[in-house]
Enquirer: 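Sharing a structure with you now.
Numbered from 1 within each chain, the chains take letters A, B, ... in sequence-line order.
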Amino acid sequence: MALKVHNTASGELEEFRPAHGNRVHMYVCGPTVYDFCHIGHARSYVAFDTIRRYLEYKGYAVIYLQNFTDVDDKILKRARETGRDPREVSRFFIDAYFEDMGRLGVRRANFHPRVTDHIPEIIATVRDLVDKKHAYVADGDVFFCVTSMKDVVGRLSHQKLEDMLVGARVEPDEKKCDPIDFALWKRSKPGEPGWESPWGQGRPGWHIECSTMSTLYLGNTLDIHGGGMDLIFPHHESEIMQSEAHTGETFARYWLHNGFINVNKEKMSKSLGNFFTIREVLARYEPEVVRLFLVSTHYRSQIDFADTLLDEARTARARLRNAYDALGQARDSGDGAVGEETAKAIEASRTRFVAGMDDDFNTREAVASLFDLANFSNALLHKGGTSRGDREALLGAFRELGGVLGLLQDRPQDADIVGGLVRLLDEVRQEARARKDYATSDKIRDRLRELGVVVEDGAQGLRWKIQK
RNA sequence: GCCGAGGUGACAGAGCGGCUAAUGUGACGGACUGCAGAUCCGUUUCCUGGGGGUUCGACUCCCUCCCUCGGCACCA
């Protein structure tokens, strides 16, 4: 089955064919590191992490690149406000980024280049654009001349230049030849950090870093370029203009953009005060709950972020988790054979999973296939008479498919020392129950609960889980 | 104004030119149980925004209208 992806450039589903055989060159716009990441970042990076995982699952060798914008007005502002060095600010929030994303199971990219590590290369790109007359110098600033690449405008946004200017908030700048031109290089104001350049002390504009660094690491043509929907215009169209003016080759073959998060049906924004950092959310919900919540909606759709929906995800996640842990804890025949029904159920889930993911990464469908598997597994355990082979096959399927979504990656709670101790205590408890000494049995259960271990009497024996 | 996404059951949210329209949550009944929890079995609800068209047949394709959300030079 062929993978189809929605390409923003064509507005249609296209069969995915990377340019370099089995290798996929993938670039996703990273954050400007002036603050903690919010749930919108989580949405985007979880989406592209999942896309990357699925491509690898399909057998592609993915080279994944994500930048950090570590020089920017907002970082400078933040540094002034807190009396810190801008480099210190960006380093701090880069660390925070890795910590937060790590908790959400977002794997690191192969490369995380930073703008400040690539100033010479950026200057070289800008100089080339000036040489090729796609850019002009104006009093220490360098601007890209949009009319020199006019046909790129609208390639992603599908809008005509005239139409855009009607509702636009473009700030006039008398140094620009045309108000739609954008800065490649900005002259440093007094007191601001900057780098020496042919045009004097300055720093890169926003868009140029992505063009320069992606080309540097991944070559002139990317297979996948991703980012939030808001970046379609102007950021990504500017990238195309710069890159194609510079290299003369197609910049990216497939453009993927994730949808936004709303909060209680309203746009999330700092001014509305409905802004949540990943940290705030993770203080209330386990990472796997948040990840399940995010992958339960297609990456291009808008997601509404509301407590009722997170609570629902928590319940749903518990159902998956219970099924998974139950497999790890069930008593069975010890026979390594896999039953026919089990093999069939796993194959059905995998087929549904792959068909969904092949259809522009329909993670919702993939999640449904995981629940199919959980339902089968629960029913099988309920009936009793499972074999070790059944359990191992089902656990393997959960790990295989769950792994693509970044779920169910730790072992079921079963075989470690804690598990042994819980089983020992439960034996004592069962003896007490057998002689109807409920005071003792409940005491064991209650004390375990105080320690964060919940024990339950299942039809197939003990079930337990660690619950904070 | 322009561009994009979408309108499916109590809620969230998939799919498909004709099959009982997924999956999760909720509600109800039953099983299991000392209690609790988990689990199982069953039930519950829309025939898919309004109108028109194509078709033997459309929720699914086309047109149109209405509505919602988002973007339009800071933004994932």
Enquirer: Between A:S10 and A:N7, does a side-chain hydrogen bond (donor to acceptor under 3.5 Å, both in side chains) hold up when you go through it step by step?
Expert: CA-CA 6 Å; A:S10 66; A:N7 189 346; 4.6 Å; no

Enquirer: Checking all strands, does A:D311 fall into the base, sugar-phosphate, or nothing category for heavy-atom contacts under 4.0 angstrom?
Expert: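 No contact at all - A:D311 keeps every heavy atom at 4.0 Å or more from the nucleic acid.
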
Enquirer: Using the P atom as the reference point in each nucleotide, state the distance between B:G4 and B:U64 in Å, no decimals.
Expert: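 My reading of the P atoms in B:G4 and B:U64 gives 13 Å.
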
Enquirer: Classify the side chain of A:R364 versus the base of B:A12 as yes if they form a donor-acceptor pair under 3.5 Å and no if they do not.
Expert: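 Answer yes: a donor N or O sits under 3.5 Å from an acceptor.
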
Enquirer: Does A:D372 or A:V455 map to a spot on RNA chain B nearer the 5' end, using the closest nucleotide for each?
Expert: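 Checking each residue's closest nucleotide, the 5'-ward one belongs to A:D372.
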
Enquirer: I'd like to know if A:R463 reaches the base of B:U39 with its side chain such that a donor and an acceptor end up less than 3.5 angstrom apart.
Expert: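 By the distance-only test, no, there is no pair.
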
Enquirer: Once you apply the 3.5 Å cut-off to both distances, tell me the Watson-Crick or G-U wobble partner of B:U60, or none.
Expert: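 The base-pairing partner of B:U60, which may sit in any strand shown, does not exist here.
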
Enquirer: Can you measure A:R433 atom CZ to B:U33 atom P for me and round it to whole angstrom units?
Expert: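 Distance check: A:R433 CZ to B:U33 P gives 10 Å.
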
Enquirer: For the residue pair A:Y54 and A:Y57, does the interplanar ring angle fall in the parallel (under 30°), tilted (30 to 60°) or perpendicular (over 60°) class?
Expert: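 Rings of A:Y54 and A:Y57: parallel, as their planes differ by under 30°.
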
Enquirer: Tell me the interatomic distance from A:D230, atom CG, to B:C72, atom P, rounded to whole angstroms.
Expert: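 Atom-to-atom, A:D230 to B:C72, this comes out as 7 Å.
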
Enquirer: Are the charged groups of A:K4 and A:D359 less than 4.0 angstrom apart, N to O?
Expert: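 The answer is no: the pair does not qualify as a salt bridge.
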
Enquirer: Under 3.5 Å, is there any donor-acceptor pair linking the side chain of A:Q302 to the base of B:G70?
Expert: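 Donor-acceptor pair under 3.5 Å: no.
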
Enquirer: Which nucleotide, in any strand shown, forms a Watson-Crick or G-U wobble pair with B:G70, with both distances under 3.5 Å?
Expert: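 Base partner found: B:C3.
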
Enquirer: Could you tell me whether the side chains of A:H207 and A:H236 share a donor-acceptor contact shorter than 3.5 Å?
Expert: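 No donor-acceptor contact under 3.5 Å links the two side chains.
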
Enquirer: Has the side chain of A:R319 got a donor or acceptor that lies under 3.5 Å from a partner of the other kind on the base of B:A38?
Expert: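 It does not, because no donor-acceptor pair links the side chain of A:R319 to the base of B:A38 below 3.5 Å.
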
Enquirer: Ignoring hydrogens and angles, are the base of B:G34 and the side chain of A:D442 linked by a donor-acceptor pair under 3.5 Å?
Expert: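 Such a pair is found, so the answer is yes.
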
Enquirer: For a quick check, tell me whether the side chain of A:D457 and the base of B:C35 share a donor-acceptor pair closer than 3.5 Å.
Expert: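 Side chain to base: pair present.
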
Enquirer: Does B:C40 have a Watson-Crick or wobble partner in any strand here, with both distances under 3.5 angstrom, and which is it?
Expert: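 Pairing partner, where one exists within any strand: B:G30.
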
Enquirer: Out of B:G24, B:A38, B:G71, which has the shortest distance to the side chain of A:E456?
Expert: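 Of the options given, the side chain of A:E456 lies nearest B:A38.
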
Enquirer: Any salt bridge between A:R284 and A:E280, counting N to O under 4.0 Å?
Expert: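 Salt bridge between A:R284 and A:E280, a charged N being under 4.0 Å from a carboxylate O: no.
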
Enquirer: Once you apply a heavy-atom cut-off of 4.0 Å, does A:G228 come out as touching a base, just sugar-phosphate, or nothing?
Expert: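 Counting heavy atoms under 4.0 Å across all strands, the contact made by A:G228 is with sugar-phosphate only.
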
Enquirer: Whole angstroms only, please: what is the CD-P distance between A:E12 and B:G4?
Expert: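 My rounded result for the distance is 12 Å.
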
Enquirer: Pairing donors with acceptors under 3.5 angstrom, does anything connect the side chains of A:D437 and A:T440?
Expert: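 There is such a pair (donor and acceptor under 3.5 Å, judged by atom type) between the side chains of A:D437 and A:T440.
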
Enquirer: What distance, rounded to whole Å, do you find between the two P atoms, one in B:A58 and one in B:C19?
Expert: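 Going atom to atom, P in each nucleotide, I get 11 Å.
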
Enquirer: In whole angstrom, give the distance that lies between atom CG of A:L381 and atom P of B:U39.
Expert: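 Rounded to the whole Å, the gap is 12 Å.
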
Enquirer: If you measure from the P atom in B:G29 to the same atom in B:C61, how many Å do you get, rounded?
Expert: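 Result for the P pair: 41 Å, nearest Å.
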
Enquirer: Could you identify the nucleotide paired to B:A12, looking across every strand shown and requiring Watson-Crick or G-U wobble geometry with both distances under 3.5 Å?
Expert: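 The answer is B:U23, by the H-bond criterion.
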
Enquirer: Assign each of A:N378 and A:H41 to its nearest nucleotide of RNA chain B by heavy atoms, then name whichever residue's nucleotide is nearer the 5' end.
Expert: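 This one resolves to A:N378.
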
Enquirer: A cation-pi test, strictly: NZ or CZ of A:R433 under 6.0 Å from the centre of the six-membered ring of A:Y438 and no more than 45 degrees from its axis. Yes or no?
Expert: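 No - A:R433 does not lie over the ring of A:Y438 by the 6.0 Å and 45° rule.
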
Enquirer: What interatomic distance, in whole Å, is found between C1' of B:U25 and the corresponding atom of B:G57?
Expert: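 To the nearest whole Å, 35 Å.
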
Enquirer: Just the rounded figure in Å: distance from P of B:C75 to CZ of A:F182.
Expert: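 After rounding, the gap between these two atoms is 13 Å.
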
Enquirer: Would you please determine if the base of B:A76 is stacked by A:Y45, with stacking meaning a centroid separation under 5.5 angstrom and planes under 30 degrees?
Expert: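 Here A:Y45 fails the 5.5 Å or the 30° condition.
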
Enquirer: Please confirm whether the shortest side-chain N or O distance from A:N375 to OP1 or OP2 of B:U39 is below 4.0 Å.
Expert: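 Result: no.
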
Enquirer: Think A:W206 has a side-chain N or O under 4.0 angstrom from the OP1 or OP2 of B:C75?
Expert: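 Yes, because at least one side-chain N or O of A:W206 sits under 4.0 Å from OP1 or OP2 of B:C75.
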
Enquirer: So which nucleotide from B:A38, B:C3, B:A76 ends up closest to the side chain of A:N258?
Expert: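 Nearest listed nucleotide: B:A76.
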
Enquirer: Send over the distance from A:F293 CZ to B:U25 C1', rounded to a whole Å.
Expert: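 From A:F293 CZ to B:U25 C1': 13 Å.
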
Enquirer: Return the value, rounded to whole Å, for the distance between atom CZ of A:R352 and atom P of B:G13.
Expert: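 My rounded result for the distance is 17 Å.
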
Enquirer: Please tell me which of the listed nucleotides, B:U25, B:C40, B:A76, lies nearest to the side chain of A:F260?
Expert: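 Within the option list, the nearest is B:A76.
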
Enquirer: Calculate the interatomic distance between A:H158 atom NE2 and B:C72 atom C1'; express it in whole Å.
Expert: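 It works out to 14 Å between those atoms.
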
Enquirer: Using a 5.5 Å cut-off between ring centres and planes within 30 degrees, is A:Y438 stacked on the base of B:G34?
Expert: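 A:Y438 vs B:G34: stacking yes.
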
Enquirer: On a whole-Å scale, what distance lies between the C1' atoms belonging to B:U20 and B:C47?
Expert: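 These two C1' atoms come out 12 Å apart once rounded.
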
Enquirer: B:A73, OP1 or OP2 - any side-chain N/O from A:K176 closer than 4.0 Å?
Expert: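 Indeed not, no polar side-chain atom of A:K176 lies that close.
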
